[in-house]
Amino acid sequence: MAAPRPYPFPPEYRSPGPMNDAATPARYDFASAEPRWQQAWDAQDCFKVPDVPDGSRPKYYVLEMFPYPSGKIHMGHVRNYTLGDVVARYKRARGHQVLHPMGWDAFGLPAENAARERGVHPAAWTYQNIATMRAELKRMGLSLEWDREFATCDPSYYGQQQKLFLDFLQAGLVERKESWVNWDPVDHTVLANEQVIDGRGWRSGAPVEKKKLSQWFFSITKYAPELLAALETLDRWPERVKLMQANWIGRSEGARVRFPLATPVAGHESVEVFTTRPDTLFGMSFLAVAAEHPLAAAAAEANPEIAAFIAEVRALGTSEAAIEQAEKRGIDTGLRVAHPFIEGATFPVWIANFVLMEYGTGAIFGCPSGDQRDLDFARKYGLPVPPVILPPGEDPASFAIGRTAYTDEGTLYNSGFLDGLGTAEGKRAAIDALEAKGAGTGVVNWRLRDWGVSRQRYWGCPIPVIHCEACGTVPVPADQLPVTLPEDVDFSKPGNPLDHHPAWKHVACPQCGAAARRETDTFDTFVDSSWYFARFTAPKAATPLVAEAANGWLPVDQYIGGIEHAILHLLYSRFFTRALHGMGQLGTPEPFAGLFTQGMVQHASYKAQDGRWLAPDEVDVAADGSATDKATGLAVTVSRNDKMSKSKRNTIDPGAIIDHYGADTARWFILSDNPPDRDMEWTESGVSGASRFTQRLWRLVNNAADGLPPPGAVPAEGAARALRRATHRTIQAVTEALESFSFNVAVARIHEFANAIEQGAAEDGAARREALEAVARLVSPMMPHLAEELWSMLRPGAGLVANLPWLEAEEALTRADSLTLAVQVLGKLRATIEVPVGTDEATVFALAEAEENVQRAIAGRPIRKRIHVPGRIVNFVV
RNA sequence: GCGGGCGUGGCGGAAUGGUAGACGCAUGGGCCUUAAAAGCCCCCGUCCUCAGGGAUGUACGGGUUCGAGUCCCGUCGCCCGCACCA
């Protein structure tokens, strides 16, 4: 692991150390305060809740996506857990019983990479990382209940997961099917998509091949209709995430059409195609199948050119993005199919690299005039483009398709019996005709595929199955679980260490007792993260779930994590929950009632002229943002908005930040910088600004604390009114901002409030105490340590802010007695007027019209219309 | 390529269809200090100005409205996901 980098802090922000040095003004000493308050929370078990909510207060389950233990925490974690902690502390103050646990998504590839590269055992590497990261998280002052912690690589967790797998098997939700993997022919290893770079294996550099393997699948497609329909019930999910999921599930109505082959090939009499546009069948120009389609294989047998083309397509790997971005290419098989409607006509069968075997039937009919991809393909290979849809207002004699297909609705023509019909009627009529002829049927197709969970890797949860020659695949009996990973594994050979372990896989068949073989594949790590949120409700139970605990706490009220998980992790978790609900193990069909997706954390990156990436402490940044290399003095290319990454060396270590500024400063800066759902940029000046504000608040209280009247004093009327109004309006505004995840706005309101307190120096002492106590309590979800420190100065010995209820604004004190109205003429601002609350409309118009600027803008023209939006605006139309 | 999102001063951003730029950061000027640090105060979209104001401005081009950063259509740029990274 890389040594921690020094951080280029200005010397003035180092921890001030012991105070009461007469020569320097007193400062807030976060370095001693933060651990002190963390101990105080621990000592009182502030964040502990029972396994079953006791009903004394409403329950609230706050969960952030648990981290992968990669080594150290990064700023993305700090942002994620700060957001969650604000919610957890705020909800707790609002009187909820808050469950807020933490654990580790601990299986995965990086541990195996570390084992191969450095000879560390994956378990040792993982648990060491967990220890480091746990210590770092604890320093952040999060209101977590650490007693519930677990790692998914603990046998006590993955053993329970194996039990769930047996339940899924029993429920008919598991299947064994063949599917394609990326195969590295040199390393003899299955590659993850991220390990395929430009079609080559990342270590060997060899062109990847696609290989078919028999693998385990969860039947998520059985739940496709439910998963789609239930999106509507998720009213506290971002619309964009629901949209992405709906598109991913991809329900589409269309038809399956059977095209008879002119001459049967290798036992194939026909090709079946799925289409959402059966109305355009008369616009057919060709038929195309995927390279993995059986017909393609049959055609390749007699033709080496076709075989070469298929091999080329295979070399693209299994990533859909790579396949679809490749240049659209194809090859004519020489086969021809008959048309279901056009008597005697036949069309060529092509193999095309953009047709996906996984979608529909792995074959399409090409209608170039109505589909852009088909058109590009037809133009490239000189195939005909018969137009069949006439856009509204076009003349059939002159309308022609050029470089752009017409994909919208219109009137069918050149289409035999469909002529004159619109798009919707055309679809219906075409399906009716197909069904009457026995050439096809109307169907609903789903884009969603079953979830392949087999991985040929060591560091994952063993799939508890035994393969027996006589009995087939036999589940490991529940009383023989968990199937644990062997510890003595050899990573010097490529491939799956479980597979070449000398003893582990050799077992007796549980059914017949004959020699049999353990499944050596392990689960996709998405399985681990598909139920951990439920396990947190009873993390040590001897069964996967405990009904009262799970049903008492679930669903998660607020789930927080990165937008990059918008589809897969969230959809798999929804599927798992629904499946467990169906088996009667969970009371809720949906895992996450509320979802918030945060943006990424970025930092400027610096590239020297010779192409090396420079770390932030290796450059001098000038006021105008330009930078030079400290070592060479040469100018450096600065790029903002770069995702923090080790390769660009622009990561900032949260541990170093906490050392130098304290956890509260880091939290405050992260919250203040921008709205939490957007990407944020970590800047040095931003953190130091946040640090100054913590000192300013502390000073504000420290300077005032001695001169305040005792708690309970009643503020006087009159002079104190302005400050009291500021206090109660701030309570109102911060509360609203916290409720709506506008944490940056909450920060702004607290800044304004601090300004107001400073300006109100001569005010009534009781009002001042009220204001300062409000500050301490309002910042507490965001800067919990500073809040405790301020509170202890204001109310020595009065207990913890963490145990206080949230402040309520007094409505009467928030009202103003006059308001400012904008006066516009023709929608342009010309003046503002100050009127007492409750002024009637006629008076408002008269006052507005009397303004000198307004008169000038009206310029003697008659007023046609007067608009008054009470409390906002007056507009004169002339 | 397909699906989703975002775009407002030098920077991060604020703004129930109703005063665009709150609040913060940076820069500049000033106070304090022997000096620095810390702290405090002022200015701060652009252009014009008779110093009252005026024009213009929310990626770009259109539209709806008394009124558009906000709603609608199109274009451009950037970001996320694409099923074996987590």
Side-chain angles (χ1 to χ4, degrees), chain A residues 10-12 24-25 27 65 67-68 70 105 108-110 181-182 190-196 238-241 243-248 250 318-326 328 354 358 372-373 447-457 524-526 529 562-569 571-572 597 599-600 623-625 640-641 643 672-675 677-681 683 685-686 688-690 692-693 695-696 699 742 744-745 747-752 755 758 820-829 831-832 852-853 856 864-867 869 871-877:
Chain A
E12 65 269 26
T24 52
R27 297 188 55 131
M65 291 179 183
Y68 178 77
S70 54
D105 187 14
L109 269 182
V181 294
N182 299 310
V190 176
L191 298 173
N193 279 338
E194 72 157 9
Q195 296 174 323
V196 178
E239 283 304 319
R240 58 178 167 152
V241 174
L243 242 183
M244 282 191 258
Q245 291 218 348
N247 290 335
W248 185 265
T318 59
S319 150
E320 205 169 296
I323 293 165
E324 292 210 24
Q325 273 168 53
K328 306 284 166 288
F354 62 86
E358 287 80 16
Q372 191 59 46
R373 247 179 355 184
R447 209 186 76 96
L448 183 67
R449 309 200 293 258
D450 275 335
W451 173 16
V453 293
S454 294
R455 297 292 181 271
Q456 296 70 41
R457 318 213 182 279
D524 175 9
T525 55
F526 273 125
S529 55
I563 184 72
E564 67 273 19
H565 294 291
I567 297 174
L568 293 179
H569 161 59
L571 195 61
Y572 292 148
T597 52
M600 291 183 312
D624 65 358
R640 299 193 52 196
N641 308 323
K643 186 174 180 170
S672 67
D673 190 59
N674 67 351
D677 55 348
R678 288 201 213 170
D679 291 350
M680 74 167 284
E681 191 191 356
T683 59
S685 56
S688 60
R692 278 201 298 276
F693 188 70
Q695 294 296 343
R696 188 174 159 210
R699 220 166 35 237
S742 306
N744 57 323
V745 178
V747 167
R749 294 290 99 88
I750 289 169
H751 269 284
E752 284 171 0
N755 293 341
E758 274 173 355
T820 309
L821 284 179
V823 183
Q824 299 180 338
V825 178
L826 284 172
K828 281 189 193 281
L829 181 75
T832 56
E852 197 189 321
N853 258 343
R856 196 171 353 159
R864 281 210 343 253
K865 197 169 166 190
R866 292 177 170 82
I867 294 156
V869 182
R872 295 250 171 220
I873 202 167
V874 174
N875 192 10
F876 295 115
V877 186

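Model, not experiment: these values are computed from the prediction. Chain naming here is simple, since letters A, B, ... match the order of the sequence lines and numbering starts at 1 in each.
The distance between atom CZ of A:Arg696 and atom P of B:C23, rounded to the nearest whole Å, is 11 Å. A straight line from CD of A:Gln695 to C1' of B:C40 spans 16 Å, rounded to a whole angstrom. In this structure, the CG atom of A:Leu568 is 9 Å from the P atom of B:C85, given to the nearest Å. Taking atom CG on A:Asn755 and atom P on B:C41, their separation rounds to 8 Å, with Å as the unit. Atom pair A:Glu324:CD and B:G1:P shows a separation of 11 Å (rounding to whole Å applied). Between the CG atom of A:Leu826 and the C1' atom of B:A55 there is a distance of 16 Å, rounded to whole Å. Taking atom CD of residue A:Gln195 and atom P of nucleotide B:A83, one finds them 14 Å apart after rounding to whole Å. The distance from atom CZ of A:Arg872 to atom C1' of B:G67 is 14 Å, rounded to the nearest whole Å.
Without hydrogens or angle criteria, A:Asp679 side chain to A:Met600 main chain gives a donor-acceptor distance under 3.5 Å. Side-chain atoms of A:Arg455 do not come within 3.5 Å of backbone N or O of A:Asp524 as any donor-acceptor pair. The backbone N or O of A:Ala566 sits less than 3.5 Å from a side-chain atom of A:Gln245, completing a donor-acceptor pair. Checking side-chain atoms of A:Asn182 against main-chain N and O of A:Thr318 turns up a donor-acceptor pair under 3.5 Å.
When the P atom is compared between B:G54 and B:G4, the two are found 45 Å apart, to the nearest whole Å. Comparing the C1' positions of B:G7 and B:U70 gives a spacing of 14 Å, expressed to the nearest Å. The P atoms of B:G18 and B:G67 are separated by 14 Å, rounded to the nearest whole Å. Only the C1' atoms considered, B:U58 is 14 Å distant from B:C6, to the nearest whole Å. Remark: the separation of the P atoms in B:C25 and B:A38 is 13 Å, to the nearest Å. Of the P atoms belonging to B:G57 and B:A20, the separation is 12 Å, rounded to the nearest Å. If you take atom P in B:G10 and the same atom in B:C60, they sit 13 Å apart, rounded to whole Å. Using P as the reference atom, B:G3 and B:G69 are 30 Å apart when rounded to the nearest Å.
Contacts of A:Trp248 with the nucleic acid, taken as non-hydrogen atoms under 4.0 Å apart, include base atoms. Residue A:Ser742 is classed as having no contact, given no heavy-atom separation below 4.0 Å to the nucleic acid. At a threshold of 4.0 angstrom between heavy atoms, the contacts of A:Arg866 with the nucleic acid are absent. Backbone-only contact: A:Pro675 has heavy atoms under 4.0 Å from sugar-phosphate atoms and none from a base. Base contact: A:Leu448 has a heavy atom under 4.0 Å from a base atom. Using a 4.0 Å heavy-atom cutoff across all strands shown, A:Thr832 reaches at least one base atom of the nucleic acid. Within the nucleic acid shown, A:Arg240 comes within 4.0 Å of sugar-phosphate atoms alone, with no base atom in reach, counting heavy atoms only. Residue A:Thr820 is in base contact, counting any heavy-atom pair closer than 4.0 Å across all strands shown. At the heavy-atom level, A:Leu109 lies under 4.0 Å from the strands shown only through sugar-phosphate atoms. Residue A:Phe526 is in base contact, counting any heavy-atom pair closer than 4.0 Å across all strands shown. Residue-level contact check: A:Glu358 touches neither bases nor backbone, having no heavy atom under 4.0 Å from any strand. If you check every strand for non-hydrogen atoms under 4.0 Å, A:Val823 touches nothing. In this structure, A:His565 reaches the bases: a heavy-atom distance under 4.0 Å links it to at least one base atom across the strands shown. A:Val181 comes within 4.0 angstrom of a nucleotide base, judged by non-hydrogen atoms across all strands.
The glycosidic torsion of B:G54 lies more than 90° away from 0, placing the base in the anti range. Taking 90° from 0 as the syn/anti boundary, the base of B:G9 is oriented syn.
Comparing B:G81, B:C82, B:G4 against the side chain of A:Ile567 picks out B:G81 as the nearest. Which of B:A22, B:C66, B:A86 sits closest to the side chain of A:Asp105 comes down to B:A86. In this structure, the nucleotide among B:U56, B:C84, B:G4 sitting nearest to the side chain of A:Lys828 is B:U56. Taking every side-chain heavy atom of A:Val190 into account, B:C84 is the closest of B:A86, B:C84, B:C82. With distances taken from any side-chain atom of A:Ile873 to the nucleotides B:U16, B:C66, B:U19, the minimum falls on B:U19. Considering only side-chain atoms of A:Ser319, the nucleotide from B:A83, B:C80, B:U19 that sits closest is B:A83. The side chain of A:Arg692 sits closest to B:C25 out of B:C85, B:U16, B:C25.
Under the Watson-Crick and G-U wobble criteria, each requiring two contacts below 3.5 Å, nucleotide B:G69 is left unpaired. With a 3.5 Å ceiling on both atom-pair distances, B:U16 lacks any Watson-Crick or G-U wobble partner. In a base pair of the Watson-Crick type (N1 to N3 plus N6-O4 or O6-N4) or a G-U wobble (N1-O2 and O6-N3), with each distance short of 3.5 Å, B:G57 is matched with no nucleotide. Across all strands shown, B:U34 remains unpaired; no Watson-Crick or G-U wobble contact has both distances below 3.5 Å. Under the Watson-Crick or G-U wobble criterion, with both distances below 3.5 Å, B:C2 is paired with B:G81.
Between A:Arg749 and the phosphate of B:A14, there is no side-chain N or O to OP1/OP2 separation shorter than 4.0 Å. Residue A:Arg678 places none of its side-chain N or O atoms closer than 4.0 Å to OP1 or OP2 of B:U8. Contact annotation: A:Thr525 side-chain N/O to B:A86 OP1/OP2 distance is under 4.0 Å. At least one side-chain nitrogen or oxygen of A:Asn247 sits closer than 4.0 Å to the OP1 or OP2 atom of B:G4. Remark: A:Asn674 is in phosphate contact with B:G13, judged by side-chain N or O atoms under 4.0 Å from OP1 or OP2.
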Report task. Take A:Arg699 and A:Glu758 through the salt bridge (charged side-chain N to carboxylate O under 4.0 Å, His left out) test and state the conclusion after the steps. Result -> CA-CA 11 Å; A:Arg699 220 166 35 237; A:Glu758 274 173 355; 5.6 Å; no
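For B:C84, the base has a donor-acceptor partner in the side chain of A:Arg457 [N/O atoms by modelled type, under 3.5 angstrom]. Applying the 3.5 Å distance criterion, the base of B:C66 shares a donor-acceptor pair with the side chain of A:Asn875. Below the 3.5 angstrom threshold, one finds a donor paired with an acceptor across the side chain of A:Gln456 and the base of B:C84.
Put simply, NE2 on A:His565 and OG1 on A:Thr597 are 11.0 Å apart, with the number rounded to the nearest 0.5 Å. Here A:Glu358 contributes atom CD and A:Ile323 contributes atom CD1; the two are 7.0 Å apart, rounded to the nearest 0.5 Å.
Positionally, the nearest nucleotide of RNA chain B for A:Met244 lies more toward the 5' end than for the other of A:Met244 and A:Thr318. The residue among A:Lys328 and A:Asn853 whose nearest nucleotide of RNA chain B lies closer to the 5′ end is A:Lys328.
By the 4.5 Å heavy-atom criterion applied to side chains, A:Arg447 and A:Trp248 are counted as neighbours.
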